[in-house]
Asker: 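Pasting in a structure now, in structure tokens, and then I'll have a few things to ask.
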Amino acid sequence: MDNLLIKSAKVAFPGTPYHDREVDVLLEKGIIAKIAARIKVDGDKVATFDAKGQCLAPGFFDMNVNFGEPGLETKEDILSGCTAAVAGGFTGVAVQPNTYPAVHSHSEVALIVSRAKALPVDVFPIGTISKKREGGELAELYDMKLAGAIAFSDGNKPVQQAGLMSRALLYSKGFGGLIVSYAEDASVAAGAKMNEGVTSTYLGMRGNPNLAETLMVARDLYLAEYNDATIHFTTISTAESVDLIRKAKAKGVKVTCDVAAHHLVMTDELVAGFDSNYKVSPPLRTPNDRKALLKGLKDGTIDAVVSQHTPHEIEFKNVEYQIAAEGIIALQTVLPFVLEAGLTTDQLIEKLAIGPRRIFGLPVPEFREQAVANFVLFDTELKWRFDQQTNRSKSSNSPLMGSVLKGKVTMVINKHQIVNIQ
């Protein structure tokens, strides 16, 4: 049915006159036709959705997701990835270039944009910084920007050459491009499989120290300041990184950053059971780091929360911890994670919907009559089981598989499409 009446939703759209009010919303073909305390309609012509006790907020935006297409569609294609995104409340995603071939030219960017056009999620490709993500030669950044690339990163391959990163920052500055740094010094990380600390010592496993991330954050902050360019750090995980970025912001450096939702609630002690679903990159850190990340979120140092959705086929995860692939599927579990971390509704909307769009220079969805609807309905108290029946990803590599979670998305509306989440 083209028309839908949403009844008794609590609006969570900061900056609008409806914020924190309970209202009815009438949609006609994806357009917000009317907003009022109570709306009466002909029940035969308009479907009704009872949203009592639920929040109506701007559609979430995920700055860091991995879809396998092109080339790795058995992990996740654009259709299945967007289906998982919608189930998690995301109406927009920025997809990493960790594909085969990498998203390093106009062609790959255009392919992703074209494949996603009809889907209820706005999909924005992130192009590579270097050709083939090899870290040697600068990719055609401006050409990819024209094709629809929203930012540039070498994905899960940190840029090791300072000169290359400096040139990328300077070049992208000329056309308003955004460089995204995944901060890790590979020579210090040395291929370690978990965080360096008490737990790694206890398990006898080589650890990846905080220093590996902190050194790269410090380097790239200096490069951004030197070039007077904008930089974004994705999935920071250490207390030292938070401190460096906080100080850089105070100095006026043009820097933003995000954190993966799982780093807000999980720590390295969980690796003691050798469950490869806890193997992520950057690795799960210490309780002290977790506390610093939460503090950074609440004081504004950290601008956004991401899923870092990284699907893998079972043969890449159902193996010994040491050789298992890194990453978890997470699009559907971000809301439960941030609620468990203690974020208020206003805080989670800032970090999941408003902050990410601000960083990318995208408009925040409007909540007013005659605007195209782009919002999510979610219940912070509703419990549900995340299992093979409710999982919408092609992959199932999550430590939460089979768990009962608190906080569920019930409906997503975007691009004139209404999706009920079962």
Side-chain angles (χ1 to χ4, degrees), residues 1-6 9-16 18 23-35 46-47 49 51 54-65 67 76-95 112-125 148 150 304-307 309 331-332 334-335 345 348-379 392-393 408-422:
M1 195 174 280
D2 288 337
N3 299 335
L4 174 68
L5 176 62
I6 298 170
K10 185 175 181 183
V11 178
F13 263 80
T16 71
Y18 305 102
V23 300
D24 290 357
V25 183
L26 178 63
L27 299 174
E28 294 179 353
K29 297 182 178 179
I31 304 291
I32 301 173
K34 188 174 182 181
I35 306 169
V46 180
F49 181 84
Q54 298 188 30
C55 293
L56 187 156
F60 302 155
F61 193 105
D62 197 333
M63 300 183 69
N64 186 325
V65 303
F67 295 164
E76 195 88 277
D77 56 36
I78 292 169
L79 175 59
S80 66
C82 286
T83 303
V86 167
F90 294 94
T91 60
V93 296
V95 291
I112 294 170
V113 170
S114 175
R115 291 283 173 85
K117 190 172 291 184
L119 300 176
V121 179
D122 301 302
V123 177
F124 297 90
I150 197 169
V305 176
V306 301
S307 71
H309 178 79
L331 278 163
Q332 290 178 248
V334 170
L335 179 61
T345 299
L348 73 86
I349 289 163
E350 170 63 31
K351 305 304 180 183
L352 291 179
I354 298 172
R357 290 183 172 93
R358 185 188 301 123
I359 292 165
F360 283 140
L362 298 171
V364 176
E366 296 181 288
F367 187 68
R368 60 171 177 81
E369 293 180 356
Q370 302 310 311
V372 176
N374 179 347
F375 58 74
V376 59
L377 285 163
F378 61 91
D379 188 330
R392 296 293 174 257
S393 171
K408 189 177 190 303
V409 172
T410 58
M411 180 177 285
V412 167
I413 297 140
N414 188 39
K415 293 166 75 171
H416 302 280
Q417 298 179 55
I418 299 170
V419 184
N420 274 293
I421 312 301
Q422 302 300 320

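Reckoned from all heavy atoms, side chains included, excluding hydrogens, waters and symmetry mates.
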Asker: Just how far is it from atom CG of L56 to atom NZ of K10, taken to the nearest 0.5 Å?
Answerer: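 Between atom CG of L56 and atom NZ of K10 there are 12.5 Å.
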
Asker: In the structure I gave you, are the side-chain heavy atoms of F61 and L352 within less than 4.5 Å of one another anywhere?
Answerer: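 Of all side-chain heavy-atom pairs linking L352 with F61, none is under 4.5 Å.
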
Asker: For Q332 and R392, indicate whether the former's side chain and the latter's backbone hold a donor-acceptor pair under 3.5 Å.
Answerer: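 A pair under 3.5 Å: yes.
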
Asker: Any salt bridge linking R358 with E350? Criterion: basic side-chain nitrogen under 4.0 Å from a carboxylate oxygen.
Answerer: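 Salt bridge between R358 and E350, a charged N being under 4.0 Å from a carboxylate O: yes.
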
Asker: Take V95 and F124 through the test side chain to side chain contact (heavy atoms under 4.5 Å, CB included) and record every step on the way to the result.
Answerer: CA-CA 6 Å; V95 291; F124 297 90; over 6 Å; no

Asker: What are the two closest heavy atoms between R357 and P363, and how far apart are they?
Answerer: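 Shortest heavy-atom contact: CD-O, 3.4 Å.
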
Asker: I need the I150 CD1 to F360 CZ distance, nearest 0.5 Å.
Answerer: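 The CZ atom of F360 is 5.0 Å from CD1 of I150, to the nearest 0.5 Å.
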
Asker: If I compare all heavy atoms of Y18 with all of V23, which pair ends up nearest, and what's the gap?
Answerer: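 Between these two residues, the closest heavy atoms are CD2-CG1, 4.4 Å.
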
Asker: Just by distance, do the side chain of E369 and the backbone of I32 share a donor-acceptor pair under 3.5 Å?
Answerer: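 Side chain of E369 to backbone of I32: no pair is present.
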
Asker: Do I421 and V419 have side chains that approach each other closer than 4.5 Å (heavy atoms only, starting at C-beta)?
Answerer: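 They are in contact (side-chain heavy atoms under 4.5 Å apart), so the answer is yes.
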
Asker: Is there a side-chain contact between C55 and L377 (heavy atoms, below 4.5 Å)?
Answerer: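 A side-chain contact under 4.5 Å is absent here.
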
Asker: With the side chain counted from C-beta on, respond yes when F367 and V25 share a heavy-atom pair under 4.5 Å apart, and no when they do not.
Answerer: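 The answer is yes; the side chains approach within 4.5 Å.
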
Asker: Report the C-alpha separation of V123 and C82 in whole Å, then their side-chain angles, then the decisive distance to 0.1 Å, and conclude whether the side chain to side chain contact (heavy atoms under 4.5 Å, CB included) test is met.
Answerer: CA-CA 8 Å; V123 177; C82 286; 3.5 Å; yes

Asker: Quick check for you: to the nearest 0.5 Å, what is the distance between Q417 atom CD and T91 atom OG1?
Answerer: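 It is 11.5 Å, given to the nearest 0.5 Å.
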
Asker: Looking only at heavy atoms, which two atoms of A304 and I359 are closest? And how far apart?
Answerer: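 Distance-wise, the nearest heavy atoms are CB-CD1, 4.4 Å.
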
Asker: Check whether any side-chain heavy atom of D24 sits under 4.5 Å from a side-chain heavy atom of I6, and report yes or no.
Answerer: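 No; the side chains remain at least 4.5 Å from each other.
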
Asker: Could you give the distance from CG (L331) to NE2 (H309), rounded to the nearest 0.5 Å?
Answerer: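 L331 atom CG to H309 atom NE2 measures 4.5 Å (nearest 0.5 Å).
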
Asker: Checking side-chain contact (heavy atoms from CB on, under 4.5 Å) between F90 and each of L335, V121, V334, which is the one that passes?
Answerer: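 One option only clears the test, and that one is V334.
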
Asker: So do the side chains of I349 and P58 get within less than 4.5 Å of each other, counting heavy atoms only?
Answerer: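 I349 vs P58: side chains touch.
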
Asker: Ignoring hydrogens and geometry, is there a side-chain-to-backbone donor-acceptor pair from S80 to E76 under 3.5 Å?
Answerer: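 No; zero donor-acceptor contacts below 3.5 Å.
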
Asker: In terms of the angle between their ring planes, are F13 and F375 parallel, tilted or perpendicular, with boundaries placed at 30° and 60°?
Answerer: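 Answer is perpendicular, since the angle exceeds 60°.
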
Asker: If we ignore hydrogens and angles and just use 3.5 Å, is the side chain of K415 paired with the main-chain N or O of D122 as donor and acceptor?
Answerer: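 No, because the side chain of K415 does not come within donor-acceptor range (under 3.5 Å) of the backbone of D122.
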
Asker: Is there a donor-acceptor pair closer than 3.5 Å between any side-chain N or O of D62 and the backbone N or O of V93?
Answerer: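 A pair under 3.5 Å: no.
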
Asker: Output the distance between atom NE2 (H416) and atom CD (E28), rounded to the nearest 0.5 Å.
Answerer: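 If we round to the nearest 0.5 Å, H416:NE2 and E28:CD are 13.0 Å apart.
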
Asker: On a heavy-atom basis, which atom in T345 and which in A12 lie closest, and how many Å separate them?
Answerer: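 Closest approach of T345 to A12: CG2-CB, 4.1 Å.
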
Asker: Between F378 and L348, does a side chain to side chain contact (heavy atoms under 4.5 Å, CB included) hold up when you go through it step by step?
Answerer: CA-CA 12 Å; F378 61 91; L348 73 86; 4.0 Å; yes

Asker: Measure across L119 and I78 and return the closest heavy-atom pair with its distance rounded to 0.1 Å.
Answerer: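 The pair with the smallest heavy-atom distance is CD1-CG2, 3.9 Å.
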
Asker: Using a 4.5 Å cut-off on heavy atoms from C-beta on, say whether the side chain of F49 contacts that of Q54.
Answerer: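 Q54 reaches F49 side chain to side chain.
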
Asker: Nearest 0.5 Å, please: how far is CE in M411 from CG in D379?
Answerer: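 Result: 13.5 Å between the selected atoms.
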
